[in-house]
Every structure is written in structure tokens, then in C-alpha cells.
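Have a look at the structure below before the remarks.
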Amino acid sequence: MNIIQKIRSDLSLKLAVTLVVPLLGLVGLAAIFVTWHQTGMMRDQIIEKARVAARSGARFYGLTLEDAIDDGILTVQDVFDTNYAEIEGYNWGRHPKYHTRYDFYTDYSVLLFQDEFLRHPDFVFAVGQDVNGYIPTHNSRYQKKVTGNPQRDLVGNRSKRIFDDKVGLAAGKHEGKEPLVQIYERDTGVTMLDVSSPIYVKGKHWGGFRLAVSLERLAARSRSLLLTLGGVFALVGILAVLTILLMVRRAIAPAVELTQIADAISVGNGLETPVRVRSVDEIGRLARAIDRLRVSMKAAMGRLGE
């Protein structure tokens with residue numbers, strides 16, 4: 001007997017399937033909606049954290065440069081220097097490095113501050129750059145010793161370069177009140193979200209503070225959340241199925257018992273045993289009807305015996 005025949009011949013299974021199928025459909029729809037909603041909320045929360053971080057980074061960066069001006073370490077002209085002097089020995093490939101009149105100061109004044117942002121597992125880099133895409137001081141993890149291997153150094157040594165790609169220039173020139181969010185494909189081939197907020201020095205736009213969110217890590221967290229929620233809803237579905245099956249079997253157990261009694265009476269067995277009536281519902285009325293049938297069969301058998 002295959003499973004279809006088993007379901008057709010078993011009333012409890014038939015009722016359970018009738019109840020379970022729409023229930024599983026509803027659970028599935030709920031799982032899809034909750035998962036979609038939660039992953040969207042997680043993405044929005046991370047982007048909002050990046051916006052807040054970019055704003056605070058921009059304020060600190062601007063104040064740091066203003067402090068240098070106020071303390072006489074730099075002049076306003078120094079801070080806005082765009083006469084990028086190429087650094088000898090780093091002019092290999094397409095990515096030369098440059099000095100400005102202020103990069104010596106940012107090397108020790110903003111490095112640790114920028115690195116603090118990278119404690120967040122989803123942030124890839126956090127740097128200040130001028131309007132032309134020049135980054136005087138990158139994060140420590142991107143200031144590894146130059147090896148001479150262009151591909152390795154492209155990833156590991158990114159400080160004092162000019163990133164004048166479309167996204168980089170837009171981040172540096174953005175002056176809106178709200179941080180700018182862009183999809184950014186780095187020259188290393190990694191795609192991420194670029195969140196930038198404008199940096200002002202003495203009321204003049206200097207550049208932007210850029211913070212990158214890894215889309216790969218975000219996708220990995222979404223997959224993890226999806227698996228977790230999927231497991232929870234699968235467990236709920238299994239428990240619901242088992243509960244329904246148990247309840248249905250308990251509910252129709254009296255009907256199964258009455259069926260067995262009726263089968264016995266139909267062949268003349270059990271005529272001396274009264275059928276117990278345990279309820280006043282349909283099952284109870286069926287029990288009374290079968291008991292009347294038993295009494296009638298017993299009487300008929302008695303007449304035939306005479």
C-alpha cells in the first residue's frame with residue numbers, strides 16, 4: 001500500500017493532511033515575509049550605522065585639521081594643498097603615491113581614529129579624502145610594507161594615492177546634509193557600499209569621510225539569518241504537523257472504536273456487550289444508534305433461534 005492509498009484509507013491521516021497542507025502554506029508565507037523583513041531591517045541598520053559613523057568621522061577629521069591650523073602646525077593653505085608631489089620609488093604601475101604639505105600631520109593625528117571604525121565587522125575601510133580623491137592617510141591594514149608586486153601592493157598599500165574614479169570623486173565632492181551612499185567596486189574587484197559625509201575645515205569644503213560596507217559580509221549575514229529563520233520555521237512546521245496528527249487521532253479514536261464494534265455486530269459478534277455512550281455529540285449519537293442496532297440484531301437472532 002503506497003502513501004496515497006494509506007491516506008485515503010485512514011481517516012485520521014486524511015483529516016491531518018487536510019489541515020496540515022494549508023497550515024504549512026501559511027507557515028511558508030510567514031517564513032518568507034519575516035525573513036525578507038528581517039534581512040531588510042538588518043541591511044538598513046548597518047547602512048544607518050555607516051551613515052552615523054561617516055558623519056562623526058567627517059566632524060572629527062575636520063576638527064583635527066582645524067586644530068592643526070589653530071596650533072600653528074599648518075596653515076589654511078597647507079591644509080588645502082593640491083600640488084601633489086609624487087613620491088619617488090612609488091611610481092610603479094598606474095598607482096603612484098603623493099605627498100602634500102599636510103599628510104605628515106594626518107599620519108599621526110587621524111590614523112588611530114580611522115582604525116577604530118574597523119572594529120565593526122562589516123566596515124572595510126574608513127578614511128578621509130580631499131575633493132580630488134587624494135587619501136593622505138589610509139587605515140593601518142592598508143599600509144603594509146611595499147613588496148614591489150603590483151597586485152599585492154594594490155590591495156595592501158593604498159595610502160597617499162589619488163582615487164579619482166567616479167565613486168571616489170563623488171564622495172569627495174559631495175556636500176549634501178545626508179551622507180552619500182554608492183555602490184562601489186574597488187580596483188581590487190571587491191564590491192561594497194560606499195558611505196561618505198562631507199568634511200569642512202574653517203567653513204570650507206575640504207573633501208569627504210568615506211566608510212565602506214562589505215556587501216559580501218552583509219550577504220553572508222543575510223544567509224546566516226535566512227538559515228536560522230528557516231530552521232525555526234521548519235521546526236514550527238514539524239511540531240504543528242505532529243500536534244495536528246496527534247489531536248486528530250485522539251479526536252477520532254471513539255469513531256474508530258465504534259467502527260470496529262459495528263464490524264463485529266454485522267457478523268453477529270458482540271451482541272451481548274452494550275455499546276458505551278461517552279458523549280452527547282455526533283459520536284455519542286452514533287454510539288446509541290449502533291447500540292440500538294445491536295439490540296435489534298440480538299432480538300432478530302433470538303427469533304431465528306426459536
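What you see is a predicted model; the values in this text were computed from it and never measured.
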Problem set entry | Pairwise side-chain contact, Val127 with Asn139, heavy-atom cut-off 4.5 Å (strictly under) | yes
Problem set entry | SB check Glu86 Lys160 (cutoff 4.0 Å) | no
Exercise. Are any non-hydrogen side-chain atoms of His174 and Leu169 less than 4.5 angstrom apart?
Worked result: no
Exercise. So do Arg158 and Phe163 actually touch side chain to side chain, heavy atoms under 4.5 Å?
Worked result: yes
Exercise. Do Val52 and Phe209 sit in the same hydrophobic cluster, where Ile, Leu, Val, Met, Phe, Trp and Tyr count as joined when their side-chain heavy atoms come under 4.5 Å apart?
Worked result: no
Problem set entry | Non-hydrogen side-chain atoms of Asp194 and Ile183 separated by less than 4.5 Å | no
For this session: For Thr100 and Asp81, run side chain to side chain donor-acceptor pair (under 3.5 Å): C-alpha distance rounded to whole Å, both residues' side-chain angles, the deciding distance at 0.1 Å, then the answer.
Result: CA-CA 6 Å; Thr100 54; Asp81 175 33; 4.9 Å; no
Problem set entry | Validation row: Thr137, Phe113 side chains within 4.5 angstrom (heavy atoms) | no
Seminar exercise, completed: Rounded to the nearest 0.5 angstrom, the OG-NZ distance for Ser196 and Lys173 is 12.5 Å
For this session: Anything under 30° is parallel, anything over 60° is perpendicular, the rest tilted; go ahead and classify Phe125 against His138.
Result: perpendicular
Seminar exercise, completed: Applying side-chain hydrogen bond (donor to acceptor under 3.5 Å, both in side chains) to Ser197 and not counting sequence neighbours gives none
Problem set entry | Donor-acceptor contact below 3.5 Å, side chain Gln182 vs main chain Leu193 | no
For this session: Using a strict cut-off of less than 4.0 Å between a Lys/Arg side-chain nitrogen and an Asp/Glu carboxylate oxygen, indicate whether Asp44 and Lys49 qualify as a salt bridge.
Result: no
Seminar exercise, completed: All heavy atoms of Gly168 vs all of Gln129, minimum pair found to be O-NE2, 2.7 Å
Residues 59-70 side chain polar contacts: donor-acceptor under 3.5 Å, at least two apart:
residue, atom, partner, partner atom, Å
Thr64, OG1, Phe60, O, 2.8
Glu66, OE2, Lys202, N, 2.7
Asp70, OD1, Lys202, NZ, 2.7

Seminar exercise, completed: For Glu175, the side-chain hydrogen bond (donor to acceptor under 3.5 Å, both in side chains) test, sequence neighbours excluded, returns none
For this session: Answer yes or no: is there a side-chain heavy-atom contact under 4.5 Å between Val124 and Val213?
Result: no
For this session: Before giving the answer on side chain to side chain donor-acceptor pair (under 3.5 Å), spell out for Tyr98 and Asn83 the whole-Å C-alpha distance, their side-chain angles and the decisive distance to 0.1 Å.
Result: CA-CA 9 Å; Tyr98 303 93; Asn83 294 313; over 6 Å; no
Exercise. Considering only heavy atoms from C-beta outward, does the side chain of Arg141 approach that of Asp115 to under 4.5 Å?
Worked result: no
Seminar exercise, completed: Here the gap from Ser109 atom OG to Gln114 atom CD, rounded to the nearest 0.5 Å, amounts to 8.5 Å
For this session: Flag yes if Val167 and Val131 sit in one hydrophobic cluster, no otherwise; membership is Ile, Leu, Val, Met, Phe, Trp, Tyr, and two members link when side-chain heavy atoms are under 4.5 Å apart.
Result: no
Seminar exercise, completed: Residue set satisfying side-chain hydrogen bond (donor to acceptor under 3.5 Å, both in side chains) with Tyr134, at least two apart, ordered chain then number -> none
Exercise. With a 4.5 Å heavy-atom cut-off, do His99 and Tyr84 have their side chains touching?
Worked result: no
Exercise. Are Trp206 and Leu211 grouped together when hydrophobic residues (ILVMFWY) are joined by side-chain heavy atoms under 4.5 angstrom apart?
Worked result: yes
For this session: Before giving the answer on side-chain contact (heavy atoms from CB on, under 4.5 Å), spell out for Glu88 and Lys97 the whole-Å C-alpha distance, their side-chain angles and the decisive distance to 0.1 Å.
Result: CA-CA 8 Å; Glu88 294 184 7; Lys97 290 175 173 288; over 6 Å; no
Problem set entry | Path from Leu111 to Leu118 over hydrophobic side-chain contacts below 4.5 Å | no
Seminar exercise, completed: Applying side-chain contact (heavy atoms from CB on, under 4.5 Å) to Gln77 and not counting sequence neighbours gives Thr75, Arg101
Problem set entry | Asp122/Ser214 under side chain to side chain donor-acceptor pair (under 3.5 Å): CA gap, chis, key distance, verdict | CA-CA 6 Å; Asp122 295 311; Ser214 170; over 6 Å; no
Exercise. For the residue pair Ala58 and Pro198, what are the closest heavy atoms and their distance?
Worked result: CB-O, 3.3 Å
Exercise. Going only through I, L, V, M, F, W and Y residues with side-chain contacts under 4.5 Å, is there a path from Val110 to Ile162?
Worked result: yes
Problem set entry | Set of side-chain contact (heavy atoms from CB on, under 4.5 Å) partners for Leu112, sequence neighbours left out | none
Exercise. Is there a donor-acceptor pair closer than 3.5 Å between any side-chain N or O of Asp130 and the backbone N or O of Asn132?
Worked result: yes
Exercise. Aromatic rings Tyr108 and Tyr105: how do their planes relate, parallel, tilted or perpendicular, breaks at 30° and 60°?
Worked result: perpendicular
Exercise. Closest approach of Gly128 and Pro136, non-hydrogen atoms and distance?
Worked result: O-CD, 3.6 Å
